[in-house]
Every structure is written in C-alpha cells, then in structure tokens.
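Values below: all heavy atoms of this structure, side chains included; hydrogens, waters and symmetry mates excluded.
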Amino acid sequence: MNSSKHTELANHIWSVADLLRGDYKQSEYGKVILPFTVLRRLECVLEPTKNKVIEQAELLKGQEGIDADLFLRRASGHTFYNSSTYTLKKIAGDAGRAAEHLIEYIGCFSPNAREVLEKYEFARQIDKLDEAKLLYKVVSRFADLDLRPVERDEEGEIVLDDKGQPKVVVSNHQMGYIFEELIRRFAEQSNETAGEHFTPREVIELMVNLLIAPDEDALTMPNVVRTVLDPACGTGGMLTAAEEHIRAFNPNAKVVVYGQELNPESWAICRSDLMIKGQDPDNIKYGNSFSNDGHKRDAKDKNRPATFDYILANPPFGVEWKKVKDDVEREHETLGESGRFGAGLPRINDGSLLFLQHMLSKRQPAEWVPPQGPDEPGHWKGGSRIAIVFNGSPLFTGGAESGESKIRQWILENDWLEGIVALPDQLFYNTGISTYFWILTNRKSPGHQGRVILLDAREHFVKMRKSLGDKRKRINDKQIKELTRLYGEALDVATDPEHPLHSKVKVFKNEEFGYHRITVERPLKLRFQVTENALTALAAAKPVQRLESGSEFIDALKPLIGQRWLKKAEAWVAMKDAVVAAGLAWPTGTPFNKALRDAVGVRDSEGEVQTLKGGAFEPDPELRDSENVPLKDDIEEHLKREIHPHAPDAWVDHDKTKIGYEIQLTRHFYRYAPPRPLVEIDAELKALEDEIQNLLGEVTE
C-alpha cells in the first residue's frame with residue numbers, strides 16, 4: 001500500500017469523529033472508533049473462511065466433551081473466529097435493530113477477541129450510540145471500509161498481481177501502521193490521557209535505537225528470530241517500534257512481541273494491534289506485573305517463553321505499590337534471590353526499581369564463548385538487552401543500605417548497567433520533569449565490561465511550535481541519529497578531548513558509583529558546674545525522685561552553686577562531701593551517675609575527655625557526623641587527609657559503616673558558570689532604574 005492509500009484509509013476512519021461530535025467529548029472518540037476499526041479488520045480477515053466456521057459451529061452444536069474453540073480456530077485458519085451469520089453490512093441494513101444484532105454478532109466471536117471488545121466497554125458505547133441515533137450511521141461507515149488483507153474474486157479466490165504474488169489490499173503490517181496512527185491522533189488530541197497511554201514517538205525511536213544498535217550485524221543474519229517484552233506496554237507503541245526497527249535491518253526477520261498492561265483500555269488497544277497484524281493476541285497479558293506475572297515460566301506451555309531477547313518499558317513515574325505490597329514482600333522474603341525482588345525493596349511510594357528488577361528476571365542466560373582461533377574474536381551466546389525510562393529518583397534516592405541503594409549495588413556489582421542517557425525536560429505529555437534512559441545487558445562487549453556510560457542529551461532538542469500538555473520539546477530525526485551514534489562511540493569519545501561532543505560523554509568504572517557511609521565520632525569533653533538550672537534538672541531526674549530524701553539531697557548541693565571543676569573526679573568528691581556533711585547517704589549506681597553528669601556536665605572543648613568502661617573515648621552525639629567516602633578510597637587515609645586537619649581527635653566508628661551506591665549524573669556534568677562582573681550588574685540596574693523613572697514620568701504627565 002502506498003502512503004497516499006495509507007493516509008486515505010486513516011482519514012476515512014478518522015472522519016467518523018465528525019459523526020460523534022456533540023454527543024462525545026474529543027477524549028472519548030477513540031472509545032468508539034478504535035474498537036470499530038478492530039471489528040471491521042477482524043471481519044475482513046475472517047471473511048474467506050466465514051462459511052466454513054459457520055458450518056463447523058452447526059456440526060458441533062449439542063456435542064459434549066469437545067473443545068469447540070479448537071475446532072473453530074482450525075476452521076477459521078486464525079487464532080480467532082466468529083460463528084455468526086451477521087456482518088456489519090447486514091446490521092447496517094436494519095437500522096431499527098442495529099444494536100440488538102451488533103451485540104449478538106460480537107457475542108459470536110472467539111473468547112480472546114470478545115475479551116478485547118469487552119475491555120473497550122463496547123457494549124456501553126453501542127447503547128450510547130443507539131440512544132443518540134448514531135449507531136447505524138457509524139456501522140454503515142465502517143461496513144464500507146475495505147480492510148481486506150488480500151484481494152479476492154467473486155469465487156473467493158486470491159487475485160494475483162503481475163508477478164504472480166497475492167494482490168495486497170491492506171497487509172497486517174500496513175494495518176498496524178494505520179491503527180498506530182489512529183492511536184497517536186487520539187492521544188495527541190486528548191492531552192489529559194496522552195501521558196497515560198502514549199509515549200512520544202521520537203522518545204520510543206531513540207530508546208529502541210540505543211537498545212538494538214549493538215546487534216545490527218546479528219540481525220542481518222538469515223532466519224533471525226527475536227522476542228521482545230514490554231511489561232508495562234500501554235497501547236504497544238514500544239513493541240511496534242522495536243519490531244519495525246528489527247525489520248528495517250532484516251525484512252525477513254521473525255519478531256514476536258509480548259507485553260502486559262494494567263489499564264484495561266490500553267490493554268485492549270495493544271491486544272487489538274496484535275490481532276490486526278496477525279500476531280498472537282494472547283501474548284499481551286492483562287493485570288499487574290508485580291502481583292500477577294503474566295510471563296512467568298509455565299510448565300503446561302513450554303513453547304511460551306519466560307525470557308526474552310529485548311525488554312523495554314516506560315513504567316509510570318513515582319507510582320506507589322501499596323496495593324501489591326503483600327505479594328511483593330512475600331516473594332521478597334520467601335524466594336529471595338531466586339525470585340524477582342531479592343535485591344531489595346524500594347520505598348512504598350515509588351515502584352520504579354521494582355519494574356527494573358522484574359525486567360531483569362526476564363533476561364535470557366548469557367554464555368561467553370572464548371575465541372576459537374587467532375582470527376575469531378570471542379562472543380556472547382544468548383543474553384538480553386534492556387531499556388527503561390525513569391525519572392531522576394532511581395538514580396540516587398535512598399541512603400546507604402536502603403532498598404534503592406541495594407538494588408543499584410546489585411545491578412552494578414553484577415556489571416549489568418551499560419549506560420544512562422539524560423534526556424531533555426518537557427519531553428512527555430503529562431510531566432515536564434527530567435527523564436533518563438537506563439540501558440542494561442548481561443552480555444556487555446569486552447570494552448564495556450566493568451564500565452558505565454553516562455551521556456548528557458539534555459540540550460539535544462527543538463522547541464515545538466505548539467505544546468501538547470506538558471510536552472514543549474521534541475528530539476528531531478537528526479538528533480536521534482547523532483545521539484545513537486554518540487552512544488555507540490561513547491568509549492572513544494570519552495577519551496578524545498578533541499571530539500566536539502567530548503563534554504557530553506563520561507565513562508566510569510562500576511565501583512566509582514559506590515561509597516562507604518562512615519560515621520565520624522569526636523570525644524565528649526565536659527567541665528562540671530553546679531547551677532540553679534543544673535539542680536532543677538537533677539531534681540526532675542528519676543533516680544533522684546526515687547530517693548527518700550530527694551529534696552534534702554538537692555538542698556545539700558545548693559551551697560556549691562557557682563563552683564566549677566575541670567575533672568569529673570574532683571566534682572564528684574566535692575558534691576559527695578557536701579551531701580555526707582548534710583547527714584545524707586551518697587547514692588550509687590549507673591542511672592544516678594548518668595543523671596548527675598547530664599545535669600552538671602557542660603560541653604567544653606577544653607574540658608575533660610569522657611571515657612567508657614574499658615578506657616575507650618565516649619563519643620559526643622552532638623559532634624557526630626557522617627560522610628560518603630568513595631568505595632575505592634581507604635577510610636583511614638581519608639580520615640587523616642580530610643578530617644584530622646580540622647578535628648585531630650576524630651575517629652571512624654567502623655561498626656556503623658555502610659555501603660551505598662548512587663549515580664549523581666547531573667553532578668558529573670556540572671560546569672561552573674562564574675557570576676557576572678559587578679560593574680556589569682550595576683550598569684544593568686542603573687539602566688532599569690532610568691527606565692522606571694521615565695515610565696513614572698510618563699504616567700504623572
């Protein structure tokens with residue numbers, strides 16, 4: 001199909017919106033047009049075998065213990081069928097009973113096709129259209145739409161072209177283009193839902209480029225088969241882009257896509273897309289990927305994969321996982337590293353890193369095959385590549401040994417993170433925040449092993465003439481190609497200061513993102529002094545309140561008000577003598593001594609160093625500090641170099657040291673911009689003052 005025919009069909013379908021205007025809001029057009037498009041395509045695909053299916057259905061009536069679904073699928077020659085005698089043209093011819101006949105028609109589809117239409121809430125739309133006296137008009141418009149895969153003659157035989165090949169009307173691949181264009185049009189017209197269901201096309205294209213680019217040579221080989229999974233597939237845009245990208249290298253490649261989606265309408269759209277392209281709609285699972293993994297290994301169906309060649313996703317940003325908390329925690333605790341969430345659990349209000357762990361669990365095992373000869377390099381066998389869109393939170397949220405930090409540590413120590421790309425802000429429809437691609441693989445090339453690429457693409461954008469929701473920027477084709485090339489050449493660019501984009505690429509060793517979170521202690525130094533406030537605090541202390549003569553004890557110390565001592569022993573002797581002289585017993589025990597010291601002890605940098613049992617210095621909680629020390633640095637050397645020049649008596653409590661991992665990407669690309677000269681600022685302020693005076697003068701005149 002040429003592009004004009006493609007556009008003509010899309011416009012014809014789109015024109016149905018004119019009928020809906022007034023009775024439907026713009027954001028609701030897709031609820032009618034998309035399921036009707038699916039319905040008409042399925043009808044056109046099933047038309048050649050329709051009579052055969054009807055005959056088979058009649059034969060199976062009343063027969064028990066027979067899998068009718070299996071026989072009817074075989075009769076249709078597809079993974080779906082319809083056993084009704086109705087067609088859209090027949091239904092349109094009986095305007096008064098169009099709703100009744102259409103409901104009956106839909107009910108005769110196979111369960112997998114019927115389920116898709118149910119998720120569109122198609123029955124509700126039929127009722128609404130019928131009440132508005134629009135149903136037969138919409139049905140008529142779609143009944144005239146020619147969406148046959150191939151042309152057939154009056155006898156039902158396939159018409160051949162000049163080359164002896166079937167004459168194509170609308171191929172599965174072309175139908176996919178039309179359907180995707182409809183999805184995109186509706187998403188762009190409805191900013192309120194675009195962010196939920198639609199990732200900008202250029203973002204998907206760049207992401208798929210980075211994901212697949214290293215495999216270009218392998219994809220050109222004959223008989224290539226690749227599987228692609230998106231566990232948060234939405235309407236399936238990323239799956240479509242991945243399939244197109246692979247076929248661009250090899251038109252004969254077999255690409256099988258899989259997905260899972262929680263939103264019922266998005267799931268229906270994605271599943272519809274597969275049905276009208278001729279792929280298996282059962283590959284798109286419905287439900288929450290965390291609590292109901294639709295692609296786990298199934299002993300009953302060994303042909304259905306549980307691991308995939310390519311895995312990509314744009315999961316919701318910052319969405320809490322409270323609803324599936326019990327399921328996730330149960331898997332984390334009972335299965336540990338043999339489950340999906342063994343590395344750690346992020347905070348409850350952001351499940352981004354749960355998605356990444358889920359995706360990592362879907363990798364194919366990778367085996368390194370060493371060189372077989374002097375002219376043959378080693379290569380990987382198996383393995384997967386992963387791409388995911390994140391906001392900034394997964395890069396650094398969570399301190400050392402938090403769930404997020406442990407997940408980052410697990411990924412980096414296993415050398416799975418290949419690179420992170422910082423994208424421009426205002427790139428998505430429903431948020432203007434900064435976003436990032438994470439690219440991961442368990443089959444890094446030798447040059448990449450042990451290293452992570454950071455690529456700053458924040459300035460690679462063009463401003464849009466008209467914003468769509470929060471989307472005010474886009475990445476054009478030229479920039480996509482440049483970034484794809486830059487990522488592929490990142491190792492060379494990072495070591496070439498003369499490269500024009502050298503400042504946009506950094507390469508770090510995995511361990512450079514790790515750090516020791518150390519606790520720096522300093523000794524508690526006190527002088528001792530009896531004051532009225534000190535005695536008031538001592539009187540309120542429980543060990544003193546328990547004394548039979550607590551008030552007399554306090555009175556005995558009052559003559560010492562104003563006295564101070566540099567050493568604890570001297571203070572205790574003086575206070576004990578005063579209490580004994582008053583005819584009272586001197587209390588003993590650790591609680592009393594602590595209460596007394598807390599009351600009369602005063603922090604003093606020149607005071608006496610307090611010690612614990614055994615002679616070790618007692619740390620001062622108020623002087624306690626924490627620092628991050630790079631993992632590659634020696635902690636004691638850091639103490640001597642960075643801390644002792646300012647606090648010679650400090651030490652590190654190694655029992656409290658924790659290991660953390662974070663990726664401070666913006667810090668690595670920060671460039672200092674010196675402030676403007678004061679003379680320039682003063683001149684600008686003077687000019688503004690003069691302008692204000694002139695304006696005020698015009699007002700007063």
Side-chain angles (χ1 to χ4, degrees), residues 399-401 516-629 635-636 638-658:
E401 296 189 8
H516 288 111
R517 183 68 172 176
I518 63 171
T519 301
V520 180
E521 302 282 15
R522 295 181 64 185
L524 177 63
K525 296 180 180 180
L526 300 175
R527 72 172 191 273
F528 302 90
Q529 183 176 348
V530 178
T531 64
E532 289 186 4
N533 288 339
L535 293 180
T536 300
L538 185 61
K542 288 184 179 180
V544 175
Q545 289 182 345
R546 293 193 188 104
L547 297 175
E548 292 183 3
S549 52
S551 58
E552 290 86 348
F553 176 82
I554 298 299
D555 290 339
L557 296 176
K558 286 182 178 180
L560 299 179
I561 290 176
Q563 292 192 35
R564 61 177 61 189
W565 303 268
L566 291 178
K567 295 186 179 296
K568 177 182 175 183
E570 294 173 355
W572 257 239
V573 168
M575 289 187 288
K576 183 177 181 181
D577 288 347
V579 170
V580 172
L584 301 172
W586 179 254
T588 58
T590 300
F592 167 75
N593 280 289
K594 184 178 183 304
L596 183 59
R597 193 189 74 170
D598 290 345
V600 302
V602 180
R603 282 179 169 79
D604 188 336
S605 60
E606 301 299 325
E608 179 186 39
V609 174
Q610 304 302 294
T611 58
L612 301 169
K613 188 176 181 180
F617 288 169
E618 180 180 355
D620 185 346
E622 292 189 7
L623 296 179
R624 182 174 294 140
D625 196 10
S626 297
E627 289 192 20
N628 290 351
V629 179
I635 293 175
E636 290 300 324
H638 176 88
L639 178 69
K640 293 176 184 178
R641 183 179 67 253
E642 303 292 340
I643 300 172
H644 278 170
H646 311 286
D649 55 2
W651 75 93
V652 174
D653 186 345
H654 291 285
D655 291 338
K656 295 179 180 176
T657 298
K658 298 178 180 179

Sequence-distant partners of [X], salt bridge (Lys or Arg N to Asp or Glu O under 4.0 Å), two or more places apart:
X: K658; answer: none
X: E622; answer: R603
X: E521; answer: R624, K656

For residues 641-652, run the donor-acceptor check on the side chains, cut-off 3.5 Å, and write out each pair with its distance to 0.1 Å, sequence neighbours left out.
from: H644; atom 1: NE2; to: A650; atom 2: O; distance (Å): 3.0
from: D649; atom 1: OD1; to: R522; atom 2: NE; distance (Å): 3.4
from: D649; atom 1: OD2; to: K525; atom 2: NZ; distance (Å): 3.2

To the nearest 0.5 Å, what is the distance between [atom1] on [X] and [atom2] on [Y]?
X: D598; Y: L526; atom1: CG; atom2: CG; answer: 9.0 Å
X: L639; Y: E627; atom1: CG; atom2: CD; answer: 9.0 Å
X: R597; Y: L538; atom1: CZ; atom2: CG; answer: 14.0 Å

If you look at every heavy atom in [X] and [Y], which pair is closest and at what distance?
X: F553; Y: V544; value: CD2-CG1, 4.4 Å
X: P523; Y: L623; value: O-CD1, 4.3 Å
X: T519; Y: S626; value: OG1-OG, 4.3 Å
X: A556; Y: A582; value: CB-CB, 3.7 Å

Discussion item. Using 30° and 60° as the class boundaries, would you call the ring planes of F592 and W586 parallel, tilted or perpendicular?
Written reply: perpendicular
Worksheet item: What residues, two or more places apart in sequence or in another chain, satisfy side chain to side chain contact (heavy atoms under 4.5 Å, CB included) together with T536?
Response: none
Practice prompt. List the steps, then state whether side chain to side chain contact (heavy atoms under 4.5 Å, CB included) holds for F617 with T611.
Written response: CA-CA 4 Å; F617 288 169; T611 58; 4.2 Å; yes
List, one per line, each side-chain donor-acceptor pair under 3.5 Å for residues 557-581, sequence neighbours excluded.
from: K558; atom 1: NZ; to: D555; atom 2: OD1; distance (Å): 3.3
from: R564; atom 1: NH2; to: Q529; atom 2: OE1; distance (Å): 3.4
from: W572; atom 1: NE1; to: N593; atom 2: OD1; distance (Å): 2.8

Worksheet item: Given side chains that start at C-beta, do those of P619 and D653 come closer than 4.5 Å, heavy atoms only?
Response: no
